[in-house]
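Naming: A, B, ... by sequence-line order, numbering from 1 per chain. Owing to the predicted nature of the structure, the values given are computational and were not obtained by experimental measurement.
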Amino acid sequence: AAGVIQSPRHLIKEKRETATLKCYPIPRHDTVYWYQQGPGQDPQFLISFYEKMQSDKGSIPDRFSAQQFSDYHSELNMSSLELGDSALYFCASSLKRDEQFFGPGTRLTVL
Amino acid sequence: AQSVTQPDIHITVSEGASLELRCNYSYGATPYLFWYVQSPGQGLQLLLKYFSGDTLVQGIKGFEAEFKRSQSSFNLRKPSVHWSDAAEYFCAVGARGATNKLIFGTGTLLAVQP
């Protein structure tokens, strides 16, 4: 069965650079969620989209923005990167805001 | 406030022994409860979930969990642990609807000794 696809899987950036993480949900899923998991931490909810509209917002820094496109894929844009942004970023998708299926994550390292 | 507590940060069990990982939650509405497992550097795999109905839920890999509303708990159990079960386990709570973000506990790291 098709799963959630995230790209890239690994990303290395310098401080103050920008990064774009992509998420391709399971086909026919209409809801996308983004979570951030710092080293040794539990995943923290960042933001979610339902039918291309933002549906909920968590502890997402103002330097980050996200959107869901017409084909339901989503992108998380991160600017002015800081060392503390180094984390594993998970995308999850669901149908009609039901059970969430997680992708493998993108590991972002900020040097 | 909504929260999930996993009191045990690190647990070590012997292979073949039984396992119970504790999870307590605080949630205003009727919660949906989940257990996820994460191997080092890997994604989150759903072990089992509770939405409603039978309070004893069976999951994958021989795991089960019991929802106890009176104790606000959703403990994960396995009768006989295998070395491949060594991983980090996260309990999570959520709700269906507009605000169905998952709130995770801090995780329990399971080590399995031969």
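Scanning residues 102-111 of chain A against chain B with a 4.5 Å heavy-atom cutoff picks out A:Phe102, A:Gly103, A:Pro104, A:Arg107, ordered by number. Identified by a heavy-atom distance below 4.5 Å to chain B, contributing residues of residues 57-64 of chain A are lacking entirely. Residues from residues 10-29 of chain A never place a non-hydrogen atom less than 4.5 Å from a non-hydrogen atom of chain B.
A:Lys52 has its side chain within reach of A:Tyr72: a pair of non-hydrogen atoms, C-beta onward, lies under 4.5 Å apart. Between A:Pro43 and B:Leu44 the shortest side-chain heavy-atom distance falls below 4.5 Å. Contact of the A:Val32 side chain with the A:Cys91 side chain is registered, since non-hydrogen atoms from C-beta on lie closer than 4.5 Å. Inter-residue side-chain proximity for A:Phe45 and B:Ile103 is flagged as unmet; no heavy-atom pair is nearer than 4.5 Å. The closest side-chain heavy-atom distance from B:Lys68 to B:Glu66 is below 4.5 Å. Residues A:Leu76 and A:Leu46 meet the side-chain proximity criterion, which asks for heavy atoms closer than 4.5 Å.
Under the 4.5 Å side-chain heavy-atom criterion for Ile, Leu, Val, Met, Phe, Trp and Tyr, B:Val4 and B:Leu48 are members of the same hydrophobic cluster.
Looking at every heavy atom in both residues, B:Val57 comes nearest to B:Lys49 through CG1-O, 3.0 Å. Residues B:Lys78 and B:Asp85 come closest through the heavy atom pair NZ-OD2, 2.8 Å. The minimum heavy-atom distance linking B:Gln6 with B:Gly107 is given by the pair OE1-N, 3.1 Å.
Using a 4.5 Å cut-off between heavy atoms, A:Gln100 contacts chain B through both its backbone and its side chain. Residue A:Phe101 does not touch chain B at all, counting heavy-atom pairs closer than 4.5 Å. Looking at B:Gln38, the atoms closer than 4.5 Å to chain A (heavy atoms on both sides) all sit in the side chain, from C-beta outward. Using a 4.5 Å cut-off between heavy atoms, A:Phe90 contacts chain B through its side chain alone, with no backbone atom that close. Interface residue B:Phe104: backbone and side-chain heavy atoms are both found under 4.5 Å from chain A. Using a 4.5 Å cut-off between heavy atoms, A:Gln6 does not touch chain B at all. Both the backbone and the side chain of B:Leu102 come within contact range of chain A, judged by heavy atoms closer than 4.5 Å.
Once rounded to the nearest 0.5 Å, the distance linking OG of A:Ser93 with CZ of A:Phe49 reads 14.5 Å. For the atom pair CG of B:Leu47 and CZ of B:Phe90, the computed distance is 12.0 Å after rounding to the nearest 0.5 Å. Interatomic distance, A:Tyr33 OH to A:Ile47 CD1, rounded to the nearest 0.5 Å: 13.0 Å. The CZ atom of B:Arg22 sits 8.5 Å away from the OG1 atom of B:Thr108 when rounded to the nearest 0.5 Å.
Under the salt bridge (Lys or Arg N to Asp or Glu O under 4.0 Å) criterion, B:Glu88 pairs with no residue at all, not counting sequence neighbours.
B:Tyr25 and B:Tyr32 have their aromatic ring centers separated by at least 6.0 angstrom.
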